There are 2 protein chains.
Amino acid sequence: MAPLSQQMQQLSETCSHCSLRYLCLPDHLDSHDLEKLERLVDSGAPVLAETELFAQGEGLTHIYAVRNGSAKTVRIDEEGFEQILGFYYPGDILGFDGFADQHHHCSAVALETSHFCRIPVDQLDALVDELPSLRQRLVRLMSQVLSEDGRMMLTLGRKDSEGRISSLLLGLSRRRALRGMPASSVPLNMKRADLANFLSMRLETVSRVLTRLQRAGVIKVSQNRVDILDRDALRERSSRGAWVADQS
Amino acid sequence: MAPLSQQMQQLSETCSHCSLRYLCLPDHLDSHDLEKLERLVDSGAPVLAETELFAQGEGLTHIYAVRNGSAKTVRIDEEGFEQILGFYYPGDILGFDGFADQHHHCSAVALETSHFCRIPVDQLDALVDELPSLRQRLVRLMSQVLSEDGRMMLTLGRKDSEGRISSLLLGLSRRRALRGMPASSVPLNMKRADLANFLSMRLETVSRVLTRLQRAGVIKVSQNRVDILDRDALRERSSRGAWVADQS
DNA sequence: CACTGCGATTGACCTGGATCAATACAACCA
DNA sequence: TGGTTGTATTGATCCAGGTCAATCGCAGTG
């Protein structure tokens, strides 16, 4: 339950007044440039849970910023396997991977009823040519994703189930903190199957690990929400069990 | 042993005459823009095996394109775990992840004696503001990496040891084909430990899988080189053993 | 040539987590 | 209130691959 004032702020139509401007595209833009960006943004109707924002293979027409709510991106690879690539929260941008060849390489789906800012790519493209600050911002955001992907590969490759869950929870918590939301109470808006898919575990294992962590007094689980009781213990578990690579 | 003519071509000082221009930064640039880019590029002395091009944490001053030879990127995460993020071949760019905060988030190390093109970031940055075509090219290359990262996460998360090795071999082979090199004979310039680290397996397992594939007549292993005897079988194995995710 | 050292291979064993299957719980509807 | 459906938890079993350890092969070196 965020206070009403905060909700209003987040839903404000203009980037300049958006509480997320320092996380999102607008960061580092001066008010003049920001105004131009603002004019591109279309904050449309609410998107219902399970609704696709864009589909894999589709042409790239817009990128999206999460305004409120949450989303996931899913890719189905050549062999038909489905992989959740990430979860997205207010201020995050969806659609960067489409710039490669002007087609989306994954689908984006709302996890709950959410609002998104739609930004038409062609106009953004033109504006980027005009505003060096915007280009830099864009490159930085993409580069950030790259470096987060690296971290994720490490998690998937090196950590055991407990480490993966712990890392995920800490990550979600950290991202809440960035947004000024209570970091010790993390809502799991996605289903267990989504978590399992994302972390490359079976959902039974997700369940087991969550209860194990609960029994150990590290977290408190209640269906769609996890309270972090002992952050240090969680941190400890997120790296314990990760195995060290052989020396080259 | 590439023919001398090809070596000469690859080592040509100018992008315009470089045989890799269609893979590398210059692609899609007209001759006028290309000339400007060319002036930034410094193709320095050969880099010896095991030498660092740049180190994690270091400020971003240059990005590098592989001219010939090969390299790997390695990241050491907060908890001290070392992860190889990728292998790089002629035409590939190293250093993109540094744009996030002007610092490298991984180290780059030559796998063998290699040549690299050094491009100073500040000058590149200025040129990018000047040339929209270069900006687009840059964004596309970064976006490509993003989408390849997605594929890699899937491999790490979903595939068993045989699938991982098979995928890797096919990937290396495909990249050779792109460069016009014999695709059925793949040199493994990195050590087994590097392969293992990259694929998140133990080196013993890498060894076992390679010999298993050899015994099955799919490949022929000879210390630092793998010959692909039955590409279809390899493809089959690269997806077999990958498990399907639970439905959300 | 013997010696050393590094990397690759192979063998034997054991554990984490996938798999299969049953049960529990909540929301929703008739 | 009971039935139905979707989701989460828990239990029992099994195996891929991690772990430990021995061996081998080759390159360099005194």
Side-chain angles (χ1 to χ4, degrees), chain A residues 49-50 72 81 84 111-112 155-168 187-216 219-226 237-238 240-248, chain B residues 49-50 72 81 84 111-112 155-168 187-216 219-226 237-238 240-248:
Chain A
E50 301 292 304
K72 62 178 174 182
F81 299 109
I84 293 180
L111 288 173
E112 59 195 305
T155 297
L156 286 181
R158 292 255 132 66
K159 295 186 178 180
D160 64 5
S161 54
E162 207 170 282
R164 294 183 197 194
I165 293 279
S166 304
S167 299
L168 178 91
L188 298 182
N189 356 50
M190 67 298 284
K191 305 191 183 147
R192 294 286 187 276
D194 285 336
L195 280 183
N197 181 313
F198 180 61
L199 297 174
S200 295
M201 307 165 41
R202 304 260 84 167
L203 60 83
E204 295 94 324
T205 310
V206 171
S207 204
R208 274 187 251 271
V209 171
L210 283 176
T211 56
R212 197 192 311 160
L213 288 176
Q214 169 157 252
R215 266 202 268 278
I219 60 173
K220 166 94 172 44
V221 186
S222 51
Q223 60 264 9
N224 285 328
R225 152 160 264 99
V226 168
R237 279 159 198 262
S238 85
R240 183 186 342 153
W243 45 275
V244 186
D246 305 300
Q247 211 53 262
S248 72
Chain B
E50 301 292 304
K72 62 178 175 182
F81 299 110
I84 293 181
L111 289 173
E112 58 196 305
T155 296
L156 286 180
R158 292 255 132 65
K159 295 185 179 180
D160 64 6
S161 55
E162 207 170 282
R164 293 183 197 194
I165 293 279
S166 305
S167 299
L168 179 91
L188 297 183
N189 358 48
M190 67 298 284
K191 306 188 183 151
R192 294 285 186 277
D194 285 337
L195 280 183
N197 180 313
F198 180 60
L199 297 174
S200 295
M201 305 165 43
R202 301 264 97 174
L203 61 85
E204 295 95 325
T205 310
V206 171
S207 203
R208 273 187 253 270
V209 172
L210 283 176
T211 56
R212 197 193 311 160
L213 288 176
Q214 168 156 254
R215 267 202 267 276
I219 59 173
K220 166 93 172 45
V221 186
S222 52
Q223 60 261 11
N224 285 329
R225 151 161 264 99
V226 169
R237 279 158 198 263
S238 85
R240 188 192 329 161
W243 44 277
V244 186
D246 305 299
Q247 212 51 264
S248 71

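Below, chains carry the letters A, B, ... as their sequence lines are ordered, and counting in each starts from 1. Note that the coordinates shown come from a computational prediction; the quantities given were computed from them, not determined experimentally.
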statement: Considering only heavy side-chain atoms of K191(A), the closest of dA8(D), dT9(C), dG18(D) is dA8(D)
- prompt: Distance from E162(B) atom CD to L210(B) atom CG, nearest 0.5 Å?
  reply: 10.5 Å
message: Mind checking if L210(A) touches a base, just sugar-phosphate, or nothing, with heavy atoms under 4.0 Å?
response: nothing
task: Name the closest nucleotide to the V221(B) side chain, picking from dA18(C), dG17(D), dT9(C).
output: dT9(C)
Options dC20(D), dG17(D), dG16(C), nucleotide nearest the side-chain atoms of E204(B): dC20(D)
- prompt: dG16(C) C1' sits how many Å from M201(A) CE, rounded?
  reply: 11 Å
- line: Against the side chain of T211(B), the closest entry in dT10(C), dA16(D), dC20(C) is dT10(C)
task: From the options N197(A), T205(A), L203(A), select the one residue that forms a side chain to side chain contact (heavy atoms under 4.5 Å, CB included) with M201(A).
output: T205(A)
For atom CZ of R212(A) and atom C1' of dT9(D), their distance in whole Å: 14 Å
message: Would the base of dT19(D) count as contacting R208(B) through its side chain, where contact means a donor and an acceptor less than 3.5 Å apart?
response: yes
- prompt: For the side chain of R164(B) and the base of dG17(D), is some donor closer than 3.5 Å to an acceptor across the two?
  reply: no
- request: Using atom CG of D160(B) as one end and atom P of dA18(C) as the other, report the distance to the nearest whole Å.
  value: 13 Å
From dA8(D), dG16(C), dA8(C), nucleotide with atom closest to R192(B) side chain: dA8(C)
task: Measure the CG-CD distance between N189(B) and E112(B) for me, rounded to the nearest 0.5 Å.
output: 4.5 Å
T205(A) side-chain N/O to dG17(C) phosphate OP1/OP2 under 4.0 Å: no
- prompt: Between E162(B) (CD) and dC15(D) (C1'), how many Å, whole number?
  reply: 15 Å
query: What integer distance in Å separates L199(B):CG from dG18(D):C1'?
result: 15 Å
- prompt: Looking only at heavy atoms, what is the nearest atom pair of K159(A) and S167(A), with distance?
  reply: NZ-OG, 2.9 Å
- line: Separation of dT7(D) atom C1' from L203(A) atom CG, nearest Å, is 9 Å
query: How long is the line joining CG of D194(A) and P of dG6(D), in whole Å?
result: 16 Å
task: Quick one: label S207(A) by what it contacts on the DNA or RNA (base, sugar-phosphate, nothing), any heavy atom closer than 4.0 Å.
output: base
statement: Closest to the side chain of R202(A), out of dA16(D), dT9(C), dA18(C), is dA18(C)
- prompt: Do R237(A) side-chain atoms and I165(A) backbone N/O form a donor-acceptor pair below 3.5 Å?
  reply: no
- request: In whole angstrom, give the distance that lies between atom CG of N197(A) and atom P of dG17(C).
  value: 18 Å
